[in-house]
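Report on the structure given below.
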Amino acid sequence: MAAPERGNIVILTGAGISAESGLGTFRDKGGIWEKFDWQKLATPEAFAADPHSVHAFYNARRDNLLAAEPNDAHRALAALEMLWRGEERGDYLLVTQNIDDLHARGGSMEVLHMHGELLKSRCNFCGHLFEHEHAVSARTPCPACNKAGGLRPHVVWFGEMPLGLDTIYEALGGCDLFIAIGTSGTVYPAAGFVAEAKAAGAWTVELSLEPGEVSTLFDERHYGPATKLVPDWLGRF
Ligand code: BJW
């Protein structure tokens, strides 16, 4: 068997696809969780205890993102989406664990951000969700209810429910081709998607710099930098 040229596709991307755009990965040598303690920055409890440090961490990452550009791997996925939708080859769902906006800037039309978006914040008091590029602090008032102290990054921390899971599991249940790109397969539920896709009978492909934690579940595995690997592998379509 080999990758089908028609049918329903689900693509899962992780930090590795944005690495060559200059955004750090989490668990590689020198990665974000080697420099920063996730328990102090990426849980709701950490935010409640020290909102100042958490805002500072995400403000700095927002500045990095605004200076970054999409790369050839992001653009190759946008081209695949155009082809798949244009030729009505099947359903197409791009799910990213990344909170950056490089898929959209690379031309992707629809992106499901299961771990949230760095360029959005929301208000814990009134629920208002809004886009912004500026720094936020514990003193920044909400643009909707005007109360200060309630804004938090629109990201999914450990212990919180990822976004869009109903849509994702429905797509995985009817999936013919599942491609995971640049993710270590460490964080659940995303790391479990390959098993769901396989159970649905999909052909599963891992494209990454090195094998991840769930590599053995993939039918096909290729390792190298995403900017070369992704355009090369998708070139078959
Ligand atoms: C390249 C490359 C190049 C490099 N080219 N490739 C015990 C067992 C099982 C689960 C749990 C457990 N204890 C707790 C849990 C649950 C927990 C979890 O999974 N923890 C594990 C660490 C054990 N998960 C959660 O809490 C999640 N919520 C949840 O489970 O809710 C309940 C639920 C129950 C039932 C069903 C559904 C839900 C929430 C997880 C939230 C993760 N949040 C973060 C931070 C987001 C905001 C931010 O960015 O600050 O999300 S953590 C971080 O990890 C971030 C990423 O999206 C996520 C995944 O990382 P990713 O993308 O895989 O990056 P890396 O660095 O790990 O890997 C990069 C890869 O790229 C590597 O493989 C490199 O080789 C490769 N690479 N350069 C190609 N140039």
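In listed order, ligands and their atoms are each counted from 1.
- Remark: side-chain polar atoms of Thr183 are not paired, donor with acceptor, to backbone N or O of Thr13 under 3.5 angstrom.
- Proximity of Leu209 to ligand 1, defined as any heavy-atom pair under 4.0 Å, is shared by backbone and side chain alike.
- The protein non-hydrogen atom at the shortest distance from atom 21 (C) of ligand 1 is Thr186 O, 3.6 Å.
- Counting atoms of ligand 1 from 1 in the listed order, those under 4.0 Å from a heavy atom of Tyr58 are 47 (C), 48 (C), 50 (O).
- Less than 4.0 angstrom separates atom 65 (P) of ligand 1 from at least one non-hydrogen atom of the protein.
- For atom 34 (C) of ligand 1, no protein heavy-atom neighbour is present inside the 4.0 Å cut-off.
- For ligand 1 and Ala19, the ligand atoms under 4.0 Å from any heavy atom of the residue are 78 (N), 80 (N).
- The main-chain N or O of Gly212 is found under 3.5 Å from a side-chain atom of Glu206 such that the two form a donor-acceptor pair.
- Summarising the geometry, atom OG1 belonging to Thr167 is positioned 11.5 Å from atom CE belonging to Met114; distances are rounded to the nearest 0.5 Å.
- The nearest protein heavy atom to atom 74 (C) of ligand 1 is closer than 4.0 Å.
- Protein heavy atom closest to atom 51 (O) of ligand 1, with residue, atom name and distance, is His115 ND1, 3.3 Å.
- A donor-acceptor pair under 3.5 Å is formed between the side chain of Trp84 and the backbone N or O of Gly7.
- With ligand atoms numbered from 1 in the order given, ligand 1 contributes 6 (N), 69 (C), 70 (C), 71 (O) to contacts under 4.0 Å with heavy atoms of Gly182.
- Residues Ala190 and Gln97 approach most closely at CB-OE1, 3.4 Å, considering heavy atoms.
- Rounding to the nearest 0.5 angstrom, the gap separating the CG atom in Leu77 from the CG atom in Leu94 is 6.0 Å.
- For ligand 1, the atoms closer than 4.0 angstrom to any heavy atom of Gly224 are 5 (N), 79 (C).
- Considering backbone and side-chain N/O atoms, Trp33 never comes within less than 3.5 Å of an N/O atom of ligand 1.
- Contact check on Arg61 versus Asp100 returns no salt bridge, with no Lys/Arg side-chain nitrogen under 4.0 Å from an Asp/Glu carboxylate oxygen.
- Taking atom 72 (C) of ligand 1 as the reference point, the nearest protein heavy-atom neighbour is Asp28 OD1, 3.9 Å.
- Ligand 1 lies nowhere less than 4.0 angstrom from a heavy atom belonging to Pro211.
- Side chains of Ser18 and His103: no donor on one and acceptor on the other come within 3.5 Å.
- Atom 20 (N) of ligand 1 has its closest protein heavy atom at Phe158 CE2, 3.9 Å.
- Neither the backbone nor the side chain of Trp38 comes within 4.0 Å of ligand 1, counting heavy atoms alone.
- Less than 4.0 angstrom separates some heavy atom of Ile99 from each of these atoms of ligand 1: 48 (C), 49 (O).
- Within the 3.5 Å criterion, the main-chain N or O of Ala68 finds a donor-acceptor partner in the side chain of Arg105.
- For the residue pair Asn59/Arg62, the side-chain donor-acceptor check at 3.5 Å is satisfied.
- Side-chain atoms of His113 come within 3.5 Å of backbone atoms of Asn98 as a donor-acceptor pair (strictly under, hydrogens ignored).
- Among all non-hydrogen protein atoms, the one lying nearest atom 40 (C) of ligand 1 is Val187 CG1, 3.7 Å.
- Atom 53 (C) of ligand 1 lies below 4.0 Å from at least one non-hydrogen atom of the protein.
- Of the possible donor and acceptor atoms, one in the side chain of Lys35 sits under 3.5 Å from a partner among the backbone N and O of Gly30.
- Within the structure, ligand 1 has Pro225 among the residues with a heavy atom less than 4.0 angstrom away.
- A donor-acceptor pair is defined here as one N or O able to donate and one able to accept, closer than 3.5 Å; no such pair exists between the side chain of Glu196 and the backbone of Leu172.
- Nearest non-hydrogen protein atom to atom 56 (C) of ligand 1 is Phe26 CE1, 3.6 Å.
- Neither the backbone nor the side chain of Ala73 has a heavy atom within less than 4.0 Å of ligand 1.
- Of the N or O atoms in Arg27, one or more lie within a sub-3.5 Å distance of an N or O in ligand 1.
- Scanning Thr96, Val156, Val155 for the heavy atom closest to atom 45 (C) of ligand 1 points to Val156.
- The minimum heavy-atom distance between Ile168 and Leu163, with the atom names listed, is CD1-O, 3.9 Å.
- Which parts of ligand 1 touch Trp157 is read off a 4.0 Å heavy-atom cut-off, strictly below it: atoms 39 (C), 41 (C).
- Here Glu20 has side-chain heavy atoms under 4.0 Å from ligand 1, and that is the only part of it that gets that close.
- Nearest residue to atom 29 (C) of ligand 1 from His154, Glu160, Gln97 is Glu160 (criterion: closest heavy atom).
- Within the 4.0 Å heavy-atom shell around ligand 1 one finds Pro189.
- Annotation: side chain of Leu102 is not in contact with side chain of Asn71 (no heavy-atom distance under 4.5 Å).
- In this structure, Gly159 counts as a contact residue of ligand 1, since one of its heavy atoms falls inside 4.0 Å of the ligand.
- The closest approach between a heavy atom of Arg61 and any atom of ligand 1 is below 4.0 Å.
- Protein non-hydrogen atoms do reach within 4.0 Å of atom 37 (C) of ligand 1.
- Relative ring orientation between Phe47 and His55 is described as perpendicular, the plane-to-plane angle rising above 60° on a 0-90° scale split at 30° and 60°.
- One option in Tyr223, Tyr188, Phe57 has a heavy atom closer to atom 25 (C) of ligand 1 than any other, and that option is Tyr188.
- For atom 15 (C) of ligand 1, the nearest protein heavy atom lies 4.0 Å away or farther.
- Using a distance-only test at 3.5 Å, with no hydrogens or angles considered, no donor-acceptor pair links the side chain of Asp176 to the main chain of Ala202.
- In terms of modelled atom types and a separation under 3.5 Å, the side chain of Asn8 and the main chain of Asp91 share a donor-acceptor contact.
- For atom 8 (C) of ligand 1, no protein heavy-atom neighbour is present inside the 4.0 Å cut-off.
- Of all atoms in ligand 1, listed by their number and element, those nearer than 4.0 Å to a heavy atom of Leu165 are 37 (C).
- Less than 4.0 angstrom separates some heavy atom of Ala226 from each of these atoms of ligand 1: 3 (C), 5 (N), 79 (C).
- Ser137 contributes a side-chain N or O that, together with a main-chain N or O of Arg139, makes up a donor-acceptor pair within less than 3.5 Å.
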